[in-house]
Structure formats: C-alpha cells, structure tokens
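Here is the structure we will look at.
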Amino acid sequence: MEGAGAPAQPPAPHPAVAPLAFLLGKWRGEGEGSFPTIAPFRYGEELLFSHHPSKRTWKAASGEPMHAESGYWRPRPDGSIEVVISQSTGLAEVQKGSYDSERKTVTLQSELVGNASKVKQITRAFQVVDGELSYVVQMATITSSLQPHLKALLKMV
Ligand code: HEM
C-alpha cells in the first residue's frame, strides 16, 4: 500500500524561527544542580535545538542517564515565545516569555505545570555569549520559593 510516509527533506524553517537561529544546533556541556531540599550534583548535557528540540542529561561522574525532555518552541515575530515541554519525569510544562535576537536571550516563565506532585512554578533563562550557551532553571515547589535548581554552560558541537 502506498502512503505519504515521512518527507525525505525536512521542511524549510518557518520564517518566525529566523530570529532564534542563534540557538539552532547541538550543544554539549556541563551543569550543576541544587535546591534547598537536595544534595548538590553535577551533570553532563546534550541539548538539541532543531525542528524538534530535545535535551538529555547524565551524571557527570558515572555517565548514568538523568533527566530528559523534549518540546516545541513557538516564537512570534513580536518577540514573544510560547514553549511546550514534556519531561521524562511525567511533568508537562507550558512556558511563555520573550526572546531578543540582538542580545541572544530567551526568558520563559511557566504558565502551566501539569502532573507535578511538588513543582509549582518553573522559569528558564538562556543566553548565548561568545558562542557559549548558558542557562539557569529556577523552580518553586510546595516547600521552597522560586530559586535556582540548574545552571549549565554548553558549547556548540
Ligand atoms: C530533585 C524538579 C530538572 C536532577 C528535584 C525535585 C524536584 C525537581 C521537584 C525534588 C525537590 C524536593 O524534593 O524538594 C525538576 C524540574 C526540572 C528538573 C521541574 C526541569 C525543569 C532536573 C535535571 C536534572 C535534575 C535536568 C539532572 C540533570 C535532580 C536531582 C534531584 C532533583 C539529582 C535530587 C534527587 C531526587 O530527589 O531525585 N527536581 N528537576 N533535575 N533533580 Fe530535578
């Protein structure tokens, strides 16, 4: 039986994505995590911004897989952006925020955090400086106010 199947070539990027071209590619690096209620930890990370962005992380010392997530970024020409993310822990996020293609920044605040037992709010801030991508993820839980959980510095590979 004949079917359309997957197209051989990915479609051309939507014009709205052009201002975020500074993020497109595969990034790799290391990060550190903390929160008042947990022991600090270090991790490795690979982050792919493509037409299907995703990220996976592993324990810095042993290489064992840690958290992974995947989602879609929906930038608009007015500089606003909406992101949907599904996490390997079962948590679903809708984030809203803004991007600045001159400063190479994206800042996001959760509009919705679903299927989470503890997490109330998540913010993410990305910046590319001298070709390196740094980000900070903050979260608020039922016991702790909004504060950093993850910080990482990644290089394009
Ligand atoms: C702990 C949420 C990303 C590693 C936690 C806790 C929460 C949480 C709610 C428990 C805190 C508590 O009990 O008070 C999140 C959210 C993330 C995220 C919402 C993404 C936005 C990550 C990533 C990693 C990670 C990317 C690894 C690279 C850990 C570790 C702990 C932890 C090691 C402590 C051990 C544990 O309780 O399982 N996280 N996390 N998290 N998270 Fe995350």
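Order of appearance sets the numbers: ligands from 1, and atoms from 1 within every ligand. A quick note: this is a predicted structure, and the numbers were derived from the prediction, not measured.
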Protein contact to atom 29 (C) of ligand 1 [nearest heavy atom, distance to 0.1 Å]: F41 CZ, 3.5 Å
Closest heavy-atom pair and its distance - T37, S144: CG2-OG, 4.1 Å
Non-hydrogen protein atom less than 4.0 angstrom from atom 23 (C) of ligand 1: yes
Min heavy-atom dist Q87 to ligand 1 below 4.0 Å: yes
Basic-acidic side-chain contact under 4.0 Å: E132, K155: yes
Polar proximity ligand 1 side, K118 side, N/O cut 3.5 Å exclusive: yes
Atom 36 (C) of ligand 1: any protein heavy atom closer than 4.0 Å: no
Aromatic plane relationship, Y135 with F126 - under 30° parallel, 30 to 60° tilted, over 60° perpendicular: tilted
Salt bridge R56-E69, side-chain N to carboxylate O under 4.0 Å: no
R42/E30 salt bridge by N-O under 4.0 Å criterion: yes
Contact summary for Y99 and P75, nearest pair of heavy atoms: CE2-CB, 3.7 Å
Nearest option to atom 9 (C) of ligand 1, as decided by whichever heavy atom of V119, I142, T123, T37 sits closest: V119
Under 4.0 Å to a heavy atom of I122 - the qualifying atoms of ligand 1, by number: 19 (C), 21 (C)
Protein contact to atom 2 (C) of ligand 1 [nearest heavy atom, distance to 0.1 Å]: M139 SD, 3.4 Å
Atoms in ligand 1 flagged as close to T57, the criterion being non-hydrogen separation under 4.0 Å: 27 (C), 28 (C)
Close-contact set for ligand 1 against M66 heavy atoms, below 4.0 Å: 27 (C), 28 (C), 33 (C)
Donor-acceptor pair between Q109 and Q95 side chains, under 3.5 angstrom: no
Part of L150 within contact of ligand 1 (heavy atoms, under 4.0 Å): side chain
Distance flag for atom 40 (N) of ligand 1, protein heavy atom under 4.0 Å: yes
Atom 31 (C) of ligand 1: the protein heavy-atom neighbour that sits closest, reported with distance to 0.1 Å: I38 CD1, 3.7 Å
Side chains of W73 and L23 in contact at under 4.5 Å (non-hydrogen atoms): yes
Single hit among L112, N115, I85 for side chain to side chain contact (heavy atoms under 4.5 Å, CB included) with E93: I85
Part of H149 within contact of ligand 1 (heavy atoms, under 4.0 Å): side chain
Heavy-atom pair of closest approach, residues F49 and L133: CE1-CD2, 4.0 Å
E69-ligand 1 polar pair, N/O distance under 3.5 Å: no
